[in-house]
Amino acid sequence: TGNAAWAWGKGVEFDYRQQLTFVPGWLNRFGIFANLTVLDTEGNYSTPDGSVTSNIPGFVPRMMNAGISYSGKNLSARVLAQYQAERLSSWDQRSTEYWRYTEASTTVDVLSSYRLNKRLSLFVNISNLFEDSPVQYQARRNQPQTVSQTSRRFDFGLRGSL
């Protein structure tokens with residue numbers, strides 16, 4: 001068994017987090033955060049003729065996360081936005097005409113928790129708040145393969161510890 005093809009990835013990540021302790025009053029319980037990941041990939045295992053390409057399945061060339069958090073005595077909350085650039089989802093060795101891509105997407109999640117006492121807390125989380133549903137297409141944008149609606153999801157409950 002051998003691997004006749006190759007691929008490599010290199011990248012950089014920038015990350016910033018700041019608790020707003022310099023702001024007066026209850027506003028100092030807020031924090032902000034953001035990060036950016038940029039990948040550069042190259043390889044030939046996804047090309048039928050062995051030519052070098054930057055389209056490597058599963059690698060997202062740019063991804064960004066940003067959000068705001070609040071951490072009070074009993075209440076904590078966080079709003080997180082995530083962007084993923086267009087990316088190659090899957091490939092077929094026969095031809096690039098069979099390659100599948102996923103459009104760029106942005107999702108927003110909201111997470112919150114309220115502490116009832118030192119052992120119990122209530123939580124409510126909302127995933128995909130704005131129901132972002134990226135389309136998958138094959139070879140060209142005008143050939144959508146998967147068009148589905150991804151609904152927002154609500155998770156809620158009681159969390160406890162011993």
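- Of the possible donor and acceptor atoms, none in the side chain of Asn65 sits under 3.5 Å from a partner among the backbone N and O of Ala34.
- Linking Ile, Leu, Val, Met, Phe, Trp and Tyr residues whenever their side-chain heavy atoms come within less than 4.5 Å places Val79 and Val23 in a single cluster.
- Within the cation-pi definition used here (under 6.0 Å to the ring centroid, within 45° of the axis), Arg29 does not qualify as a partner of Tyr70.
- Using modelled atom types, no side-chain atom of Glu13 and backbone atom of Asn35 make a donor-acceptor pair closer than 3.5 Å.
- Between the side chain of Arg87 and the backbone N or O of Val60 there is no donor-acceptor pair closer than 3.5 Å.
- Remark: Arg152 CZ to Ser127 OG distance equals 11.0 Å, nearest 0.5 Å.
- Transitive grouping of hydrophobic side chains (ILVMFWY, heavy atoms separated by less than 4.5 Å) keeps Leu129 and Leu80 in distinct clusters.
- Here the side chain of Asn44 pairs a donor or acceptor atom with the backbone of Trp6 at under 3.5 angstrom.
- Here Ile56 contributes atom CD1 and Thr41 contributes atom OG1; the two are 5.0 Å apart, rounded to the nearest 0.5 Å.
- Tyr137 pairs with exactly one of Arg100, Glu103, Glu86 by the side chain to side chain donor-acceptor pair (under 3.5 Å) rule, that one being Glu86.
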Check: Which is it for Ser112 and Phe123 under the side chain to side chain contact (heavy atoms under 4.5 Å, CB included) test, yes or no, and what are the steps along the way?
Finding: CA-CA 6 Å; Ser112 63; Phe123 69 91; over 6 Å; no
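- When all heavy atoms of Arg17 and Asp15 are compared, the closest pair comes out as NE-OD2, 3.0 Å.
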Next item on the list: Determine, stepwise, if the pair Arg78 / Phe33 fulfils side chain to side chain contact (heavy atoms under 4.5 Å, CB included).
Entry: CA-CA 10 Å; Arg78 188 165 119 153; Phe33 53 94; 3.9 Å; yes
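- Rounding to the nearest 0.5 Å gives a distance of 5.5 Å between CG of Asn55 and CH2 of Trp99.
- Not one N or O on the side chain of Ser105 forms a donor-acceptor pair closer than 3.5 Å with the backbone of Pro134.
- Under 3.5 Å, the side chains of Tyr16 and Gln18 contain a donor-acceptor pair of N or O atoms.
- Considering only heavy atoms from C-beta on, Leu158 comes within 4.5 Å of Leu116 through its side chain.
- No path of Ile, Leu, Val, Met, Phe, Trp and Tyr side chains, each step under 4.5 Å between heavy atoms, connects Val12 with Trp8, placing them in separate hydrophobic clusters.
- Counting heavy-atom neighbours within 6.0 Å of Phe156 CZ, excluding the residue itself, gives a total of 12 or less.
- Heavy-atom minimum distance, Lys73 versus Arg115: O-NH2, 3.8 Å.
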Checklist line | Steps toward side chain to side chain contact (heavy atoms under 4.5 Å, CB included) verdict (Glu42, Ser54) | finding: CA-CA 4 Å; Glu42 192 172 282; Ser54 62; 5.7 Å; no
Next item on the list: Decide yes or no on side chain to side chain contact (heavy atoms under 4.5 Å, CB included) for Met64 and Gln82, but give the supporting numbers first.
Entry: CA-CA 6 Å; Met64 293 181 278; Gln82 181 183 72; over 6 Å; no
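- You'll find the side chain of Asn28 stays beyond 4.5 Å of the side chain of Trp26, heavy atoms only.
- Tyr114 and Leu111 are assigned to two separate hydrophobic clusters, defined by single-linkage of ILVMFWY side chains at heavy-atom distances under 4.5 Å.
- At a cut-off of 3.5 Å, with distance as the only test, a side-chain donor of Thr102 or Gln136 sits close to an acceptor on the other residue.
- Cluster membership check: Leu75 shares its hydrophobic cluster with Phe30, using side-chain heavy-atom separations under 4.5 Å among Ile, Leu, Val, Met, Phe, Trp and Tyr.
- For the pair Tyr83 and Arg62, the minimum side-chain heavy-atom distance is below 4.5 Å.
- With rounding to the nearest 0.5 Å, the separation of OG in Ser161 from CG in Leu120 is 7.5 Å.
- Summarising the geometry, atom CD1 belonging to Ile126 is positioned 11.5 Å from atom CZ belonging to Arg153; distances are rounded to the nearest 0.5 Å.
- Asn128 contributes a side-chain N or O that, together with a main-chain N or O of Thr150, makes up a donor-acceptor pair within less than 3.5 Å.
- With a 4.5 Å cut-off on side-chain heavy atoms, Ser90 and Pro57 do not count as touching.
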